[in-house]
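Notes for the one structure printed next.
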There are 2 protein chains.
Amino acid sequence: MDGYDKYAHEPFAVTVDLAVFTLRDDALHVLLVERGQEPYAGRWALPGGFVQPDESAETAARRELAEETGLSDVSGLHLEQLRTYSEPGRDPRMRVVSVAFAALLPDAPEAHGGSDAAEARWVPYGTAGPLAFDHDRILADAHDRVGAKFEYTCLATAFCPPEFTLGELQRVYETVWGTELDRPNFRRKVLATPGFVEAVPGAARLTGGRGKPAALYRAGTATALHPPLLRPTREGRPA
Amino acid sequence: MDGYDKYAHEPFAVTVDLAVFTLRDDALHVLLVERGQEPYAGRWALPGGFVQPDESAETAARRELAEETGLSDVSGLHLEQLRTYSEPGRDPRMRVVSVAFAALLPDAPEAHGGSDAAEARWVPYGTAGPLAFDHDRILADAHDRVGAKFEYTCLATAFCPPEFTLGELQRVYETVWGTELDRPNFRRKVLATPGFVEAVPGAARLTGGRGKPAALYRAGTATALHPPLLRPTREGRPA
DNA sequence: CCCTTTAATAGTCAGCACGACTATAAAAGG
DNA sequence: CCTTTTATAGTCGTGCTGACTATTAAAGGG
């Protein structure tokens, strides 16, 4: 941290890149923007932008989140720093260090772009071709992190509306993990974890479809899960 | 990622900060340097330095690790990116964004500083007064991360020499977690996890002290623990 | 109006991982 | 030789979990 004179010769640009997830039609979607300029013109990329002089990376990420989703209030949304990508060649034009974030939205507002000129669109996860820069890697890392955090935190409720059924919550897990879960066991586990969900006192609402109407729940106050809710054992889980 | 012209006005300095841990005399130690200049002159700080133009943050971190520990070969050491600290005011002189890393050393070589003029010293964790900048926060985050990773990875062997006894491995856990573990249960758990440790075929060595000589083990090939080795339940684990 | 379909909810049962605990073996030190 | 110390072996009961069956309450179709 001494020898500041070294720096003056080679400054860095610092950006944030956002992997914004939501659930639409029981499918995981990611918010992507189409690049208009070289390099990677015409390719999809993660939304992001430069960190301004008076901002922390977290502040910049939340600002970008508001701009790209078009939402007026993003203060309650889950936003989490992933890691920083700093390979020298990751942007062919110049030296850019990018702090990556993951964000989770309950519902997918079709509106996008806000006042920003960039076209932001919800794209089903995995369907967009190779992304610009190292964004494929960032997106994969973000997905891994979210899936892992589902095991030992209450993060899954961040994908749900304020009131939801246990079936909806289960489908969140199944969609993100890409597996199927046993319904009775999932109920037992969720209800046995204090603070994970709390029942909405009076009413049970029908979800609109057929079948017995389901009870409604709200997200509880807990954030961690003890013991964890492990995904179905893939034996010999690799490094 | 468009509008690069914005950047030219306000560049950032990018540094790495390292939380380097080792175990000495059954106590967790951290590598710290004493600052010679303002700000925070005379205060302890985490070792670190600027990321050079041709380096990634990971490369810079490993270079700094070698310089500060004085070790000739740091390629096998565990080095892991923590997160990035970017609050605008964290360095009073200028805008510095720092990528923090955690590193784990098996033995504590007393040598330090290498060719670097900075005095690097091993200090028992928790005994150094308030550190410079936001390094208290970084160090606490690093400690939390290492403790958490002990639960579901084989990371603890990174603190051990090439061959070690199960008692030594247990003391690593106890030191990092600050708790006591039941010895038979710890043995059972470690030995039941395939790939965690592998027995050294022939010999059992005495650790030098009294008591029955212990069998020697090497770190296995596994990196993850399934199921995890949870620390003694602190009820109602907070957020 | 009944019967099928769909989904939610309730409950059972066995396996196994883990915490707590006791017992034995093999060394050093007095 | 006896005590202390540490490693290793084994036991027992509880609780979580996976697999599975049963019941309830709605919609839809004939």
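Sequence lines set the chain letters: A, B, ... in the order given, protein chains first and strands last, and positions in each chain run from 1.
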Under a 3.5 Å distance rule, please check whether B:Gln81 uses its side chain to pair with a backbone N or O of A:Thr84 as donor and acceptor. yes
Between [N] atom [atom2] and [X] atom [atom1], what is the distance in whole Å?
X: B:Leu191; N: D:dA9; atom1: CG; atom2: C1'; value: 12 Å
X: A:Glu168; N: C:dA7; atom1: CD; atom2: C1'; value: 12 Å
X: A:Leu181; N: D:dA19; atom1: CG; atom2: C1'; value: 14 Å
X: B:His226; N: D:dC16; atom1: NE2; atom2: C1'; value: 17 Å
X: B:Lys212; N: D:dT6; atom1: NZ; atom2: P; value: 14 Å
X: A:Glu180; N: D:dG18; atom1: CD; atom2: P; value: 15 Å

Base versus backbone protein contacts along nucleotides 11-21 of chain C [heavy-atom cut-off under 4.0 Å; B, S, -]: BB-----BBBB
Check whether any side-chain N or O of A:Arg187 sits under 4.0 Å from OP1 or OP2 of C:dT9, and answer yes or no. yes
Among all residues two or more places apart in sequence or in another chain, which pass the salt bridge (charged side-chain N to carboxylate O under 4.0 Å, His left out) test with B:Arg43?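 Per chain and number, B:Arg43 pairs via salt bridge (charged side-chain N to carboxylate O under 4.0 Å, His left out) with no residue.
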Residues that A:Arg171 engages under salt bridge (charged side-chain N to carboxylate O under 4.0 Å, His left out), provided they are two or more places apart: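 With sequence neighbours excluded, A:Arg171 shows a salt bridge (charged side-chain N to carboxylate O under 4.0 Å, His left out) to no residue whatsoever.
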Quick check for you: among D:dG28, D:dT8, C:dT9, whose closest atom lies nearest to any side-chain atom of B:Ala214?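 Side chain of B:Ala214 sits closest to D:dT8.
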Residues that B:Tyr125 engages under ring-ring contact (aromatic ring centres under 6.0 Å, His included), provided they are two or more places apart: B:His143
Which residues pass the side-chain contact (heavy atoms from CB on, under 4.5 Å) test with A:Asp144, not counting sequence neighbours? none
For B:Arg187, give me all partners under side chain to side chain donor-acceptor pair (under 3.5 Å), at least two apart in sequence or on another chain.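 Here no residue qualifies.
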